[in-house]
Protein chains: 2
Amino acid sequence: MTATTDHRRARTGPPAAGHRDAAAPAGATLPGVTLWRRVADQIAQAIAVGTYGTGTRLPAETELAAHYGVNRHTVRRALAVLRERGLVRPARGSGTYVEAPRLAYPIGTRTRFSEIVGASGRQAGGRLIAGAQELASIEVARRLGLKPGAPVVRLELMREADGVPLCVATTFLCATRFPGADRVYAARRSMTRTLAQFGIADYRRGATRVTATTVDLGDAARLDVRPDSPILVVDSIDVDADGRPLLTTRTRFAAERVELVLES
Amino acid sequence: MTATTDHRRARTGPPAAGHRDAAAPAGATLPGVTLWRRVADQIAQAIAVGTYGTGTRLPAETELAAHYGVNRHTVRRALAVLRERGLVRPARGSGTYVEAPRLAYPIGTRTRFSEIVGASGRQAGGRLIAGAQELASIEVARRLGLKPGAPVVRLELMREADGVPLCVATTFLCATRFPGADRVYAARRSMTRTLAQFGIADYRRGATRVTATTVDLGDAARLDVRPDSPILVVDSIDVDADGRPLLTTRTRFAAERVELVLES
DNA sequence: TTTTATTTGTCCGTATGTATA
DNA sequence: GTATACATACGGACAAATAAA
């Protein structure tokens with residue numbers, strides 16, 4: 001018997017307890033809302049205002065409970081919400097820490113990485129990890145409209161903001177059309193300028209697909225995230241003015257640091 | 001760097017020659033590419049063709065090694081790539097299983113959920129988990145353009161394809177403008193029809209933001225995924241013809257089952 | 001419930017070809 | 001030309017988790 005079938009399994013169903021918390025007493029701001037929700041809002045507000053700065057440790061749960069005049073469990077419920085939102089990160093035995101706000105990353109446009117990062121007042125950085133010429137796998141060939149085995153240039157990039165790694169990206173270009181693209185990129189340090197070197201004045205995003213997985217060990221090290229961290233995987237194909245594919249890229253974002261903003 | 005350009009395997013020394021032509025000619029298709037890459041392509045192709053069906057177990061690593069005439073480590077290297085691509089999922093002690101192909105989910109358009117799922121030949125399903133009127137938190141109020149504490153309707157939805165849960169969504173609507181929206185939705189079972197009931201003939205996507213986190217326990221149970229699974233979090237605001245916010249939704253997708261397709 | 005076999009995960013090592021300083 | 005580092009491929013052993021007897 002096929003042992004798998006995670007889904008399709010006959011789930012007798014968790015009752016999915018719709019939390020109907022007893023509306024607890026007092027609390028100044030929003031009467032009528034559940035207490036843990038009010039506490040969550042207050043802590044979130046404190047983080048937004050800067051009372052608790054990025055990277056700092058929140059007061060212990062017992063202290064927060066005393067400060068807001070609620071039970072520690074109510075604080076824990078509130079912190080769970082903030083954790084889910086990505087605002088804080090609990091560390092067992094150490095404390096709960098304020099996460100850095102996620103960088104809003106516009107996608108599906110022509111915007112340049114350095115402009116995106118610069119717009120948020122941070123210093124954009126990046127480097128070419130590796131570049132090589134190889135032969136196209138079936139998958140890459142299909143995306144670039146080439147035959148499997150055709151020569152392609154592979155670029156491995158890493159990009160960071162204020163020295164914090166944001167994403168690593170693997171790009172493939174047709175080696176016949178862009179010979180030595182890896183060396184060109186190493187010199188020009190920009191995809192736009194690299195393509196311009198080969199006479200491509202304009203290009204646009206042809207297709208974009210977004211998924212999420214857990215990080216693998218190599219990317220975990222390069223992105224400086226814990227193993228099993230979630231990452232955003234963005235597969236994209238850029239095409240020239242005639243719609244012909246120029247390059248295909250798989251970008252892995254550290255999900256905890258980035259928020260993709262889709263422009264419609 | 002030009003690695004693997006001339007990767008000839010005609011060695012004189014060790015008698016490893018008889019490997020390549022056992023049962024399956026792994027080398028026939030793409031000479032020059034690294035061996036593990038060829039094996040990965042072949043297995044991926046076998047999955048695509050249907051030789052290994054969704055949910056079934058792949059032959060053991062030792063069997064695959066024998067079948068392709070390579071070492072087990074080479075097979076492992078190939079499987080690691082497929083795992084990274086989300087095609088297979090290894091289970092220690094049990095085997096390596098073929099993942100279900102991810103449902104392509106267009107986003108940023110007006111497409112209806114049932115149409116999206118139906119287009120892939122699956123049966124769309126869904127149900128209202130919970131609906132209630134409450135008071136807006138700071139965050140919800142900001143997104144809906146209301147004052148904190150204003151009455152809002154909260155809808156908790158779950159959506160599935162062929163009985164497999166795809167996502168759970170939390171939607172907030174202004175209770176003043178849409179009184180009893182939860183009961184209306186329970187009857188009409190569609191957001192479009194619910195809004196139509198209140199005289200909203202047309203609405204569009206105003207803003208969309210995408211992140212990823214690890215699933216929390218409640219969603220893990222409802223989505224029927226393992227704890228610590230990655231989920232795609234899509235925050236969206238829908239607006240009316242005048243650009244005024246109608247509703248805001250946070251959708252959590254089981255990342256292993258969905259692939260967001262951005263349309264540009 | 002215990003045992004046994006199977007399968008993946010993680011080490012060790014060896015050999016070879018390639019790229020780089 | 002030489003030395004070094006790295007990637008590929010193979011061989012073996014054992015641990016850990018799972019499934020079946």
Where do N or O atoms of nucleotides 4-8 of chain C meet protein N or O atoms at under 3.5 Å, pair by pair?
from: C/dT7; atom 1: O2; to: B/Gly93; atom 2: N; distance (Å): 3.3
from: C/dT8; atom 1: OP2; to: B/Glu61; atom 2: N; distance (Å): 2.9

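- Between B/Asn71 and D/dA9, a side-chain N or O to OP1/OP2 separation shorter than 4.0 Å is absent.
- Counted within 6.0 Å of CZ on A/Arg76, heavy atoms from surrounding residues, nucleotides or ligands total 12 or fewer; the atom is thus considered open.
- At distances below 3.5 Å, not a single donor-acceptor pair connects side-chain atoms of A/Asp240 with backbone N or O atoms of A/Tyr203.
- Side-chain atoms of A/Leu232 and B/Leu232, non-hydrogen and from C-beta on, do get closer than 4.5 Å to each other.
- In this structure, B/Tyr97 atom OH and D/dA17 atom P are separated by 16 Å, rounded to whole Å.
- Qualifying side-chain hydrogen bond (donor to acceptor under 3.5 Å, both in side chains) partners for B/Arg250, counting only residues two or more places apart in sequence or in other chains: B/Asp235.
- In this entry the distance linking CG of A/Leu135 with P of D/dA7 reads 18 Å, nearest Å.
- Rounded to an integer number of Å, the gap from CZ of B/Arg77 to P of D/dC10 is 13 Å.
- Each of A/Arg204, A/Arg205, A/Arg143 was checked for a salt bridge (charged side-chain N to carboxylate O under 4.0 Å, His left out) with A/Asp238, and the lone residue meeting it is A/Arg205.
- Atom CZ of A/Arg177 sits in a crowded spot, with more than 12 heavy atoms from other residues, nucleotides or ligands closer than 6.0 Å.
- At distances below 3.5 Å, at least one donor-acceptor pair connects side-chain atoms of B/Asp216 with backbone N or O atoms of B/Gly218.
- Under a cut-off of 6.0 angstrom, the local environment of CZ in A/Arg127 is sparse, with at most 12 non-hydrogen atoms contributed by other residues, nucleotides or ligands.
- Comparing the axis of the opening five pairs of the helix from C/dT2-D/dA21 to C/dA21-D/dT2 with that of the closing five pairs yields an angle of 10°, rounded to 10°.
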For nucleotides 12-14 of chain C, tabulate all protein N/O to nucleotide N/O atom pairs closer than 3.5 Å, reporting atom names and distance.
none

List the atom pairs, donor and acceptor, that lie under 3.5 Å between side-chain atoms in residues 97-105 of chain A and the rest of the protein, sequence neighbours left out.
from: A/Tyr97; atom 1: OH; to: A/Ser94; atom 2: OG; distance (Å): 2.5
from: A/Arg102; atom 1: NE; to: A/Ala255; atom 2: O; distance (Å): 3.1
from: A/Arg102; atom 1: NE; to: A/Glu256; atom 2: O; distance (Å): 3.4

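- Taking atom CD1 on A/Ile129 and atom P on D/dC6, their separation rounds to 15 Å, with Å as the unit.
- The ring-ring contact (aromatic ring centres under 6.0 Å, His included) pairs that include a residue from residues 213-236 of chain A number zero, where partners must be two or more places apart or lie in different chains.
- The heavy-atom pair separating A/Phe253 from A/Leu223 by the smallest distance is C-CD1, 4.4 Å.
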